[in-house]
Amino acid sequence: MQLHHYLIFSALLFAVGLAGALTRRNGILVLVGIELMLNAANLNFIAFWRFSADPQAMQGILFVLFSIAIAAAEAAVGLALIISIYRHYKTTNLEEMNSLQG
Amino acid sequence: MQDYLFYIFSALTLLCGALIILSRNPINSAMFLVLSIASMAGLFVLLHAFFLAAVQVLVYAGAVMVLFLFVIMLLDLKVEQRRRINAFGAVTGLLAVGVIVWVMVTTMLGTSLPAVTEVLRHEGGTEPLGTLLFHQYVLPFEILSVLLLVAMVGAILLSKKDLK
């Protein structure tokens, strides 16, 4: 398996996540799409680490470890925001949250 | 053998990713996300990042997905199932996605990338990773723990009923 395969697969996965984040209107599913995009980026980091000149330095793996922790924090805060939005508007449809439109 | 596994895992991940977007019920979406994450852990194993594959399954398929499922079941989302996807958002979204994929793939195919040079010994193992994490990278590690604490306090505060 060459690096190209992993990069193209990760670009496709990123595209799937982006399509989910852009086309779905439910806030939770937008967050799911963002998680998919983060995963695609993580896979890129690992692929570049594996095919790098000095894999013993482990920088790609460490970066992905930090990135997974930050993604978990992001999911927790995002879902808390969605819960509080739901309390206020009684919906998670992002298109009905247009009170900043003026 | 590894090539076949790569194709199987990547096809499974992309298929489940597409089903996440297309399925009407949010719970089905979350379940397909579990499958997608798990097959991605298989890809991590193929890249010799064994510890990260375990972390991927534990953190994503375990913790984050339980969080998503709890929130989906907490909120009353029955209305979402009947609602159609709006045409304008779908067209603009898919257009943006197509352009991004085109840019990425043409860039990747236009550059020459390195192949694997030699066979490694401690490939993504836990022991050298832990040594690095608690010696050289101990400051980012501690900052990350503070970040997680802040996120936890913020999540509790945001989802409280009244902030008095």
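As a basis for the values below, the full set of heavy atoms in this structure was taken, side chains included, without hydrogen atoms, waters or symmetry mates. By convention in this document, chain letters (A, B, ...) are assigned in the order of the sequence lines, proteins followed by strands, and residues within each chain are numbered from 1.
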- Heavy-atom distances under 4.5 Å only: say whether B:L144 touches chain A with side chain, backbone, both or neither. side chain

- Item | All ring pair (Phe, Tyr, Trp, His ring centres under 6.0 Å) counterparts of A:F63, not counting sequence neighbours | A:F45

- So which of A:L43, A:I82, A:I70 has the largest heavy-atom pair count under 4.5 angstrom toward chain B? A:L43

- Note on the structure: Rounding to 0.5 Å, atoms CG (B:L147) and CZ (A:F66) come to a distance of 11.5 Å

- Message: So for B:T107, is it side chain, backbone, both, or neither that comes closer than 4.5 Å to the heavy atoms of chain A?
- Response: neither

- Query: Do B:S29 and A:L29 come within less than 4.5 Å of each other through their side chains, counting heavy atoms only?
  - Reply: yes

- Message: For chain B, which candidate among A:L18, A:L79, A:V77 shows the most heavy-atom pairs at distances under 4.5 Å?
- Response: A:L79

- Task: Indicate the atoms forming the closest heavy-atom contact of A:Q59 with B:Y137, along with that distance.
- Result: CG-OH, 3.4 Å

- Message: So for B:M108, is it side chain, backbone, both, or neither that comes closer than 4.5 Å to the heavy atoms of chain A?
- Response: both

- Query: What part of A:L12 lies closer than 4.5 angstrom to a heavy atom of chain B: side chain, backbone, both or neither?
  - Reply: both

- Note on the structure: Taken to the nearest 0.5 Å, the spacing of A:S10 OG from B:M104 CE works out to 7.0 Å

- Note on the structure: Highest number of heavy-atom pairs under 4.5 Å with chain A among B:A96, B:G98, B:S10, B:P140 belongs to B:S10

- Message: Testing the basics here: between B:A49 and A:I46, what is the closest heavy-atom pair and its distance to 0.1 Å?
- Response: CB-CG2, 3.9 Å

- Query: Which members of residues 148-155 of chain B, sorted by number, sit under 4.5 angstrom from chain A on a heavy-atom basis?
  - Reply: B:L148, B:A151, B:A155

- Message: Going by side-chain hydrogen bond (donor to acceptor under 3.5 Å, both in side chains), name the residues that satisfy it together with A:Y6, two or more places apart in sequence or in a different chain.
- Response: none

- Message: For the interface with chain A, which of B:L109, B:L43, B:V97, B:L47 has the highest count of heavy-atom pairs at distances below 4.5 Å?
- Response: B:L47

- Task: Against chain A, label B:F70 side chain, backbone, both or neither, depending on which of its atoms sit under 4.5 Å from a heavy atom there.
- Result: neither

- Is it possible for you to say whether A:F14 and B:L94 belong to one hydrophobic cluster, with membership spreading through side-chain heavy-atom contacts below 4.5 Å? no

- Pick one of side chain, backbone, both or neither for B:L132, based on which atoms fall under 4.5 Å of a heavy atom in chain A. side chain

- Task: For residues B:Y60 and A:I68, determine if any side-chain heavy atom of one lies less than 4.5 Å from a side-chain heavy atom of the other.
- Result: yes

- Of all of B:L14, B:V59, B:V64, which one pairs up most often with chain A through heavy atoms under 4.5 Å apart? B:L14

- Task: Give the cluster check for A:L13 versus B:Y7: same hydrophobic cluster or not, with ILVMFWY residues linked at side-chain heavy-atom distances below 4.5 Å.
- Result: yes

- Which atoms of B:I37 come close to chain A, meaning under 4.5 Å heavy atom to heavy atom: side chain ones, backbone ones, both, or neither? side chain

- Which distance, rounded to the nearest 0.5 Å, do you find between the NE2 of A:H5 and the CG of B:L46? 12.5 Å

- Are the side chain of A:R87 and the backbone N or O of B:S159 linked by a donor-acceptor pair below 3.5 Å? yes

- Which atom of A:W49 lies closest to which atom of B:H48, heavy atoms considered: CH2-O, 3.9 Å

- Item | Top contributor to chain A contacts, counting heavy-atom pairs under 4.5 Å, from B:Q2, B:M65, B:M40 | B:M40

- Do the side chain of A:R24 and the main chain of B:I21 share a donor and acceptor less than 3.5 angstrom apart? yes

- Query: Looking at A:L62, A:L81, A:V64, A:I8, which has the largest count of heavy-atom pairs under 4.5 Å with chain B?
  - Reply: A:L62

- Note on the structure: Residues A:L22 and B:G93: closest non-hydrogen pair is CD1-CA, 3.8 Å

- Message: Need one label for B:S36: side chain, backbone, both or neither, based on atoms under 4.5 Å from any heavy atom in chain A.
- Response: side chain

- Item | A:N42-B:Q56 side chain donor-acceptor pair, cut-off 3.5 Å | no

- Item | Region of A:L65 that comes under 4.5 Å of a non-hydrogen atom in chain B | both

- Which of A:L31, A:N39, A:I28 touches chain B most, by non-hydrogen pairs under 4.5 Å: A:N39

- Item | Verify same cluster id: B:F134, A:M58 (apolar side-chain graph, 4.5 Å) | yes

- Between B:L33, B:I156, B:V105, B:V101, which shows the greatest number of heavy-atom pairs under 4.5 Å with chain A? B:L33

- Pick one of side chain, backbone, both or neither for B:A63, based on which atoms fall under 4.5 Å of a heavy atom in chain A. neither

- chain A heavy atoms under 4.5 Å from B:I100: which part of the residue, side chain, backbone, both or neither? side chain

- Message: Give me each pair satisfying ring-ring contact (aromatic ring centres under 6.0 Å, His included) with a member in residues 67-95 of chain A, each pair once, sequence neighbours excluded.
- Response: none

- Message: Tell me whether B:V57 shares a hydrophobic cluster with B:F32, the cluster being built from Ile, Leu, Val, Met, Phe, Trp, Tyr side chains joined at under 4.5 Å.
- Response: no

- Message: Quick check: do A:L36 and B:I20 have side-chain heavy atoms less than 4.5 Å from each other?
- Response: yes

- Query: Any link between B:L35 and B:I8 through a network of hydrophobic side chains (Ile, Leu, Val, Met, Phe, Trp, Tyr) touching at under 4.5 Å?
  - Reply: no

